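To keep things clear, I will list the structure first and then write my remarks on it.
Both backbone and side-chain heavy atoms feed into the values below; hydrogens, waters and symmetry mates do not. Owing to the predicted nature of the structure, the values given are computational and were not obtained by experimental measurement. Order of the sequence lines sets the chain letters (A, B, ...), proteins ahead of strands, with each chain counted from 1.
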Number of protein chains: 2
Amino acid sequence: MNTRPALNISAVERDTGLGKDTLRVWERRYGFPQPTRDNHGERVYPAEQVDRLRLMKRLIDHGYRPGRLFAASEDEFSSLCHACAAKSVAEPGSGDEVVRHAIRLIKANDLPILRQALNQAMMRLGLQGFIIDIVAPLNQAVGEAWMSGEFQIFEEHLYTEQMKSLLRQAIGSLPPSVVGPRILLTTVPEEQHLLGLLMVEALLVLDGATCISLGTQTPLFDIQMAAVAHRADIVAVSFSAAFPARQVAPQVSQLRQLLPSEVDLWVGGTGAQRLAPQPGVVVLANLRGALEALEVWRGCGHGDQSSPPELDGR
Amino acid sequence: MNTRPALNISAVERDTGLGKDTLRVWERRYGFPQPTRDNHGERVYPAEQVDRLRLMKRLIDHGYRPGRLFAASEDEFSSLCHACAAKSVAEPGSGDEVVRHAIRLIKANDLPILRQALNQAMMRLGLQGFIIDIVAPLNQAVGEAWMSGEFQIFEEHLYTEQMKSLLRQAIGSLPPSVVGPRILLTTVPEEQHLLGLLMVEALLVLDGATCISLGTQTPLFDIQMAAVAHRADIVAVSFSAAFPARQVAPQVSQLRQLLPSEVDLWVGGTGAQRLAPQPGVVVLANLRGALEALEVWRGCGHGDQSSPPELDGR
DNA sequence: GTTCCTTTTTGTCCTGGACAATTTGACCAT
DNA sequence: ATGGTCAAATTGTCCAGGACAAAAAGGAAC
C-alpha cells in the first residue's frame, strides 16, 4: 500500500473547502494544522492533517465552532463526530430498512445491485415517497457514514453520482407539464451541490410544474436574465450545509432585489435554514415545504408576491 | 433594467476562476483590473471589469498569454475573441445544420423544441454519431457563441444542463455490460466539468465497457482506492481547457504513481492535449481516441500496461 | 424568559516582497 | 531554413503579519 501524498496549501484548500487564509490563520492562532515546510519554505500538509481538517470542516458546517473543536481532546473529538451523526436520526420511517440495505451495498461496492435495489424502492413507493422517505434519509446516512469513518470519500461520490443519475432518469421520463407554474432551478456561484435541487425538481415536476434547471453556480445576474427570458413564475435556489454560512443572507437579498417583484423566490436546503425571514422570500423548511409552497402559490393566484404567506414547517 | 451589481474579490474569484492573488498581482503589475474601493478599503469590481476578466480567462485557457492581452488595443482584443472562436471550425461535418439549428433554439430560449430536436438527431444518427458529430461541435459552438458575446452565461448553463441530462438518460437506457473492461471515470479535484466525461462514458458503454463514474473532483488517493475496490482495468480522467495548465502534468504523474501498474490510465479533454507523453499514460487526442484506446486494450490482452502503444490521433 | 449591550471569536481582506516554473528570444551551429 | 542552448522576461502562487467587521457568546437588567 502506498503512503499517502502530502499536499500543498492550494491542494488542501480544494480538498477541504477551507480557504488558504483560514488555513494560515488557524496555524497562527491555534497551532493546528502544523504543516511541515519544503525547500522553499512553503507549507506541506501531511495526509493525516488533511483528514482531520476535512472532519473539522464538516463539523463546523453542522454548527460546531472552531474554538470548541480545537479545545476538544482526541476522544471528545471523535465522539463529537459520532454524536453529530446520530443527532438527526429522528423519525425511523418506513424506509429505514431500504436505507440500511443501500448503505451495505455501497460499502460492498456492488453497483449493479445497488442500482437495482434503488429502482425497486422507487417503483414500490412511487417517486414522491421514494424521494422523501428514502433519498433524503439515505443522503443523511451516507454523510454520517463518511463522518464516522465508515465510508471513503469515493464511496460518497459514487453514491451521489448514482443518485443523480437515477433522479435525472426519473425526471426525464415524466410527462412535461404545460399548465403549472414555470420554476427556474439553480444554485448560486460557490454552491456546487446539485442533488438537493434534483430532488426538488423531481417533486415539482411530479406535481405538474414546469421546471427549468440551470444546474449549479449561476451568477446572480444571470439568474435574473434567465428568469426573465424564460418567463419564470418562481426562482428556486438551494444552499447545502457546506455553503459558507455568512454568505447565504447577502446572496439571497441581492437576488431578491435583482428579480422582478412578481417573481417568487424560494430558498431551500440545509444552508437556508439559518436564514432570517425576509419579505418576498420563501424559505423551504424541507422537501415537503416545496410541495406546500407550490400549493400555496396555486391557491393565492399567481403573481401575488407582496408578503407571501409564512411557511413554517416546524 | 437593473444596473448590475459590483463584486468583491472572492466573488470575482468564483465568477472568473482567477485566484485572488492573481487578481491583485495583475492590478499591481498591469493596472487592470482597477477596482474601486469600499469604505473599508476593500476592492470592489464593477461588472464590466468582471466581464472583461472572464473573457481574458477564456482566451488564456485557449493559449494566449496575459502580456499579449494586456498589450492589445480594444479592437484587437475583440478581434482575438472572434479569431479564437473561428479557428477551430475545421471540418464542416454533416451535423452542421443541426448544430446551427440548436444554437438558434438556445438563443430563443425554447427548451422543449431544443430537447426534441436533440432527441431527434440522436435517434437519426445513433448515439455514437450523435456524440461525435453533433455534441462535440455543438459544445464548441456554444463556447464560441459565449465568447463573441452572443450567448449569456445562463444560456451556456442551460445548454450544458440539458445535454448532461440527455446523455445520462441515454447511458441509463443502454444495457449494462458484463464482459468489457471495467473503466473508472472521474476528474481530479479542481476540475468540475462533467460533460466531456459523460460523452466518453456514453461511447464506452456503447462499445461494451463497464463504466463506473465517480462524477467530478475525486481526490487522487480516492481514485486509487476506488480503482482497487471496483477492480478497475482502466482509470480515465478528463481535463477541460479551464483547468490550470501547470497542474495537469503533476496531477497525472502523481495519479499514475498511485495506481497499480496493471491499471491503465487514460487522460482526455482539451486540457490534456498539452501533456507530454509519459510511460503508462495514454493521452486521448479526441473522442474517437477513446474508442481506439478501447480497441487497443482489447487487442493487447488485458493487463499489459508496460509501455502501452502510442495513440497519436493526428 | 427576553432584550440589550459588551466581549470574544472567527473569517477574510490588505500590502508588498519573494521566487520557481514556464515561455520567449537571441545567438550559434548545422 | 532547421535545430539546439542559454539568458532574460513573464507569470502564478506563496509568505508574513497586521487589520477589521460580522457573528456568536456571555452577562446584566428587566
Out of D:dC14, D:dG12, D:dC15, whichever nucleotide has its closest atom nearest the side chain of A:N8: D:dC14
Donor-acceptor pair under 3.5 Å, B:R28 side chain vs C:dG17 base: yes
Separation of C:dT12 P from B:L7 CG (nearest whole Å): 17 Å
C:dT9 OP1/OP2 closer than 4.0 Å to side-chain N/O of A:Y30: no
Distance test, side-chain N/O of A:R29 to OP1/OP2 of C:dT8, below 4.0 Å: no
Step-by-step side-chain contact (heavy atoms from CB on, under 4.5 Å) determination, A:F151 to A:H157: CA-CA 10 Å; A:F151 267 21; A:H157 271 229; over 6 Å; no
Pairwise 5' ranking along DNA chain D for B:R68 and A:A245, keeping only the more 5' one: B:R68
Earlier contact from the 5' end, DNA chain C, for A:W26 and B:D21: A:W26
Toward the 5' end of DNA chain C, by each residue's nearest nucleotide, A:G67 or B:A11: A:G67
D:dA21 OP1/OP2 closer than 4.0 Å to side-chain N/O of B:H40: yes
Value in whole Å for how far the C1' atom of C:dT12 lies from CD of A:Q247: 10 Å
Nearest-Å distance for atom pair CD/P, residues B:E27 and D:dT13: 17 Å
Candidate list B:E27, B:E42, B:E13, test salt bridge (Lys or Arg N to Asp or Glu O under 4.0 Å), partner B:K20, passing option: B:E13
Geometric cation-pi criterion A:R58 and A:Y64, 6.0 Å radius, 45° cone: no
d(CE, B:M56; P, D:dG12) in whole Å: 9 Å
Euclidean distance, atom CG of residue A:N39 to atom P of D:dC15 [Å, nearest integer]: 14 Å
Given C:dC13, C:dG11, D:dT11, the nucleotide with the shortest approach to the side chain of B:S10: C:dC13
Six-ring centre of A:F77, A:R52 cation under 6.0 angstrom, axis tolerance 45°: yes
Integer-rounded Å distance: C:dT22 C1' and B:I60 CD1: 14 Å
Comparing A:E42 and A:A249 on DNA chain D - which has the more 5′ nearest nucleotide: A:E42
Atom-pair distance (CG on B:L18; C1' on D:dT13), nearest Å: 13 Å
Phosphate-side-chain proximity, A:T22 and C:dT10, N/O vs OP1/OP2 below 4.0 Å: no
Sugar-phosphate, base or nothing in reach of B:F70, heavy atoms under 4.0 Å: nothing
Test applied, side chain to side chain contact (heavy atoms under 4.5 Å, CB included); reference residue, A:L53; option that passes from A:D15, A:L18, A:T22: A:L18
A:K20 vs D:dT13: side-chain N/O to OP1/OP2 distance below 4.0 Å: no
Mutual orientation of the aromatic rings belonging to B:W26 and B:F70 [parallel < 30°, tilted 30-60°, perpendicular > 60°]: perpendicular
Any B:R43 side-chain N or O less than 4.0 Å from OP1/OP2 of C:dT15: yes
Closest to side chain of B:P66, choosing from D:dT11, D:dC15, C:dG11: D:dT11
Distance-only donor-acceptor test, B:R24 side-chain atoms vs C:dG16 base atoms, 3.5 Å: no
Side-chain N,O (A:R65) to OP1/OP2 (C:dG11) below 4.0 Å: no
Integer-rounded Å distance: C:dA20 C1' and A:D38 CG: 11 Å
